[in-house]
Amino acid sequence: MKVLVVGSGGRCHAIVEALSKSAQVDKIFCAPGNAGIAALAECVAIKETAVEELKAFAVEQGIELTVVGPEVALEAGIADSFKAANLRIFGPEKAAAQIECSKQFAKDLMQKYNIPTAEYATFEDFDAAWEYVKAGSLPTVLKYDGLAAGKGVVIAETLEQAEEALRDMLQDEKFGKGKVVIEEYLEGPEFSLLCFVNGTDVYPMPVAQDHKRAYDGDKGPNTGGMGAYTELPFITDEDLQYAMDKIMRPTAAAMVEEGCSFCGVLYGGLMKTKSGIKVIEFNARFGDPETEVILPRLKSDMCQVFCDVADGKTPVIEWDEQATLGVVLASKGYPGSYEKGYVIEGIEEIDGSIYHMGTASKDDKYVTSGGRVMIVVCKAPTLREAQQKAQAEVEKIKCDNLFHRTDIGDKAFKY
Ligand code: AMP
Ligand code: GLY
């Protein structure tokens, strides 16, 4: 089979790697891919959102399966377009991707179907939103309705912060014209439950936890994710059962009921609060960096899983029992401005997996080319061992302009 993976970054590298292990896969294309992915797939210079070009490429090459990484491609309607042309694609149509692309859609759906989530109200008008905030409690959570590349959520501790965020979103239209969802502030450990979904069929992956803050101790600005691990000691079997029975399965069924059946990965961003597990957000795709720690545990044939889920068949999905932990190496200055082009050495010495997030090739060497540059992932029988191994391995990467957190996974033992 010839397959196409749409996207770049560590998540796509992990998807490409998993597909490369399948005996059915003869050739992998990745659009646009990156320097690391190029070792396993032929990278094609087509943008993730260039839906018509991607479709023409898939037809011309006789691609039998396309897997979509980023939400921007879903919002651009890639699944609608491919399905209309009878091309098999793993990823939801635009109407179903609203569960990620519109916070209001997701919140209204959860309210209508009694799926546990924070209390909320939606506003278009600055004055009405401001009155609501003043009448409520602090901290409060303000979310821009549309896609904002992870920057559309503000947790305001003070009224001044809330007012500034509301002005940015509703008056200055910093992310474009749109509404704001104002939400009750919840507390508790967060975790990600990703499921393969087609209609009402929902198959869970091992739960993972991301680390969104830039520095150790969960300090510093929010990032795209500085590390992740799987096997969460604080999530019990009962918690998982609850999350599947009260959140993931009812949400998939609600989407069918609403006429926008979901096919792809439904990502539940969940929080274990004192009053039960609640939804913080849904994503309509694989998480990043969760995918980089989840897929190395897949024992089954990745290509078969994608095809079966897309075709509405029951997939065989088996997972390795071992724990995984990944540490991200990011350019100094990230998530603010940073320099590019620094040579990276030591990659071949890593005993574990390495997924490229933002690298380029120069004179037969890899150089940094993004904010997050790569993630080192190690597997071991226990989370502690996976953590120790990953922290030791990551030190083997030599580069003048990278930093990483040294406490990925510590939280698992503290809740
Ligand atoms: P989101 O983009 O919706 O995942 O929000 C980004 C981050 O903001 C989440 O990972 C949480 O850490 C935090 N957050 C979002 N909503 C809430 C909430 N209602 N209460 C507390 N923290 C939240
Ligand atoms: N890890 C968070 C995300 O993929 O959105």
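Every heavy atom of this structure was used, including side-chain atoms; hydrogens, water molecules and symmetry mates were not. Counting starts at 1 for both ligands and their atoms, following the listed order.
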Parallel, tilted or perpendicular, as decided by the 30° and 60° cut-offs, for the rings of F306 and F286: perpendicular

Atoms of ligand 2 close to N283 [distance to a heavy atom under 4.0 angstrom, numbered from 1]: 3 (C), 5 (O)

Heteroatom distance test (L186, ligand 1): nitrogen or oxygen, under 3.5 angstrom: yes

Part of Y267 with heavy atoms under 4.0 Å of ligand 2, whether side chain, backbone, both or neither: side chain

Sub-4.0 Å heavy-atom approach of R285 to ligand 2: yes

Min heavy-atom dist K103 to ligand 1 below 4.0 Å: yes

Ligand 1 atoms in contact with Y185 (distance to a heavy atom under 4.0 Å): 20 (N), 21 (C)

Pair K55 + D80, salt bridge at N-O below 4.0 Å: no

Contacting atoms of ligand 1, where contact means under 4.0 angstrom from a heavy atom of V153: 1 (P), 2 (O), 3 (O), 5 (O), 8 (O)

Parallel, tilted or perpendicular, as decided by the 30° and 60° cut-offs, for the rings of H13 and Y355: perpendicular

Ligand 1 N/O within reach of K143 N/O, cut-off under 3.5 Å: yes

Close-contact set for ligand 2 against G287 heavy atoms, below 4.0 Å: 4 (O)

Derivation of the side-chain contact (heavy atoms from CB on, under 4.5 Å) call for L383 and F413: CA-CA 10 Å; L383 183 58; F413 308 102; 3.8 Å; yes

Donor-acceptor side-chain pairing of Y113 and T251 below 3.5 angstrom: no

Salt bridge present between E183 and K103 (N-O < 4.0 angstrom): no

Heteroatom proximity flag, E281 to ligand 2, N/O under 3.5 Å: no

Short N or O distance, D210 and ligand 2, threshold 3.5 Å exclusive: yes

Parallel, tilted or perpendicular, as decided by the 30° and 60° cut-offs, for the rings of F234 and F191: perpendicular

